[in-house]
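Following: one structure in structure tokens, then a few remarks.
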Amino acid sequence: MASGTALIYDEKMATHKLLWSDPICDIEVPERLSSSYEQLKSYHLVERCVPVPAREGSEEEILLVHSLEHLEVAKSTQTMNEEELKRVSENYDAFFFHPSTYHCARLAVGATLQLVDAVMSGEVRNGMALVRPPGHHSQRNAANGFCLFNNVAIAAEYAKLKYGLQRILIVDWDVHHGQGIQYIFEEDPSVLYFSWHRYEHQEFWPSLKESDYDAVGLGKGKGFNINLPWNKVGMGNSDYLAAFFHVLLPMAFEFDPELVIVSSGYDSGIGDPEGQMNATPEVFAHLTHFLMQLANGKLCVILEGGYHLKSLGESVCMTVKTLLGDPVPQITGEMAPCLSAVESIQNVRAAHKPYWKWLAYEDTSFLQNLSTKSHLLKKANSNTSTEHETKITNNNNTVKVERFLELHMKNILFPVPPIKTATIGSEGSEHFLSEHVQLVKEMDKTEIKSLVSGFYADLVEEDKILLSLGSMLAILDKILKKEVCNGIAASPTAALSAAVALRHSVRFGFQRVLCVFVGDMQITPNTEDGKMLIINICEKEQPGKTSCKHCISLNWKEDAEGNDFFSAVLGFILPVAYSYQPNLTVIAVGPNRSLGISGISLLVALLQGLAESRIVAVIEDTEISLLQSVAKALGGASTPPFGIYVPPTQEKVKKIKALRDQFQQEWKMLQCSVKDGI
Ligand SMILES: NCCCNCCCCCC(O)(O)C(F)(F)F
Ligand SMILES: [Zn+2]
């Protein structure tokens, strides 16, 4: 299994710069690259990466995407004087040439392709290339928006040619629409392009009609181009996460890419003058963590935009830290997407309904009554300022944002715990010990009895159970004390162990403990004080047990053909979990589990985005292969197999929708459609 994270950087790419005054282009400065690299060094992240050298992209590689004419024009600028450079630049929308631009742009292409090679060859698992000039606006025959050669588009064509890939996902989280990439792959079903971008109903640059949500691709490429327009500024962490849960990730898992390439622009982050958005740097750790679960972890992150140097640097560090497998930092801010974001999410889901199995049963009836009101919707939206807008206006003074970033980032980059996963050498554990795992010494019986006394003492009649509780508590303590990131305990009575773990964690002082219990729960601790949130995934309705805000039961019997649990994890469990913002996650698997190993592994992998990746897994000790798979997911040594993707049946879609309707006022991250009637 490949491991390691490549970092590609060459200071020569900082030579390209603006020689005359141009208020549009003067934000794309060389310091963007050097200060990001310095920031990585200051957090000791460079030394943890595998250094891979940049190289010049060859003319042949550039011609995979661009015309010979475009290449020749670019090449001819190397010997021009300032006057001539200015004149050539004026042929393009928002681009500037410098005598070194052609060389730098070839280095940017070459660096990107070096990263693709390092990942596809298995030399590393993933990596990041810090490049400029950026690429996602440049087109076959034109430079555009600071971009000369389309680094990411060339990388996709290169990977198809050299490695015979047939499914490549490009995720463009830059705040501008990468129209260049859209044009290049518009008719190509082998490249799925997802972009969100500031749009403001076509007011914001590049102000294209084809940047809207209804541009779904052409011909055979229909359904493989996804545009999510942001029609207001001030979008924040919850809007971005909602976009991943309710649009990108369900598509990505159904598409099942062999490689993921990110057009990684950070002008979508807080403080950026172009984006005017509110999302904080740690959101990029979460987005990166989600994409790492695809394509067996093969992920290439390529720098695009980002103009607030401090915000850019912090976001780059968040990205690289996560690529290295570090715990994902706690997300901040109110977990509720704004109305405008939910509208855009609803629209793009409706536009893509004809092309995706997971959207087969999507309710698009709102389109009918919307068509009569759509002009009202746009007008209404343009003048009502949402809470985001007010926040962004008073947030606008850069001093406040500078201060925010100064304070905020200090405590975010916590030291990485030395050991990732702990377990007890209980019988059978030799199966799932991997190099990351630390053996934790057993507790003695008296100590265990003292901990377990009171509420469950009568339940503990045999020593075997007492010992297993002791093992679990020994692991849990290391996690609660933040000495270890996560742990796994085998137990003869998972339900009892989980209940003890929940109680012990709350008594230890954890205020919000999430418990995802798969199988028959038997014991349900009382959660009314909100210090616990229990989601019980079981095969059938427990008689007389109705769901409530902190104790939800999800009836789910996994499909025999494969893993159909993606829609439940992405469409329900993650949104609820992220709305709750737990500071510990307990995952327990009891008897009669109704999920397959791949569904449970998917759950464990994705829930690591919460609670700074603090998870304790409690598994029935008879489930040896499940223990192995969960330990793999927790150890992070490799992406566990999520099995064959199976789309949800209509009945299951209805079940998720019913639960969503029931809880979306409590757990607002569930929102992905505007209630009918604006
Ligand atoms: N009134 C004209 C405004 C023109 N504004 C140009 C913005 C270019 C953005 C470039 C970028 O950030 O998308 C890239 F990633 F390519 F660098
Ligand atoms: Zn941008």
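Both ligands and their constituent atoms are indexed starting at 1 by order of listing.
Here Asp174 reaches the Zn ion (ligand 2): one of its N/O/S atoms is less than 2.8 Å from the metal. At a cut-off of 2.8 Å, His176 is counted among the residues with an N, O or S atom near the Zn ion (ligand 2). For Asp267, the nearest N, O or S atom to the Zn ion (ligand 2) falls under 2.8 Å.
Within the 3.5 Å criterion, the main-chain N or O of Val175 finds a donor-acceptor partner in the side chain of Asp267.
Contact annotation for His176 and ligand 1: only side-chain heavy atoms (C-beta onward) come within less than 4.0 Å of the ligand. Under 4.0 angstrom from ligand 1, the non-hydrogen atoms of Glu274 all belong to its side chain. At a heavy-atom distance under 4.0 Å, no atom of Asp93 approaches ligand 1.
Residues Glu187 and Lys220 are not paired through a salt bridge, judged by the lack of any N-O separation under 4.0 Å between the basic side chain and the carboxylate.
Counting atoms of ligand 1 from 1 in the listed order, those under 4.0 Å from a heavy atom of Asp267 are 12 (O). Counting atoms of ligand 1 from 1 in the listed order, those under 4.0 Å from a heavy atom of Cys147 are 16 (F). The distance from ligand 1 to the heavy atoms of His136 drops below 4.0 Å at these ligand atoms: 11 (C), 13 (O), 14 (C), 15 (F), 16 (F).
Residue contacts with ligand 1 leave out Gly265, since none of its heavy atoms falls under 4.0 Å from the ligand.
Checked against a 3.5 angstrom limit, the closest N/O atoms of Tyr307 and ligand 1 fall inside it.
A tilted orientation is assigned to the rings of His352 and Trp356, their planes being inclined by 30° to 60°. Ring geometry, His177 versus His197: the interplanar angle falls from 30° to 60°, so the pair is classed tilted.
The environment of CD in Glu69 is sparse: at most 12 heavy-atom neighbours from other residues, nucleotides or ligands sit within 6.0 Å.
Looking at Tyr37 and Glu11, their side chains never bring a donor and an acceptor atom within 3.5 Å of each other. With no hydrogens or angles considered, a side-chain donor-acceptor pair links Asn144 and Gln179 at under 3.5 Å. Tyr240 and His286 share no donor-acceptor pair across their side chains, judged by distance under 3.5 Å alone.
In this structure, atom 1 (N) of ligand 1 lies nearest to the protein heavy atom Ile24 CD1, 4.3 Å. Closest to atom 13 (O) of ligand 1 among all protein heavy atoms lies His137 NE2, 2.6 Å.
Taking the centre of each ring, Tyr266 and Phe284 come in below the 6.0 Å mark.
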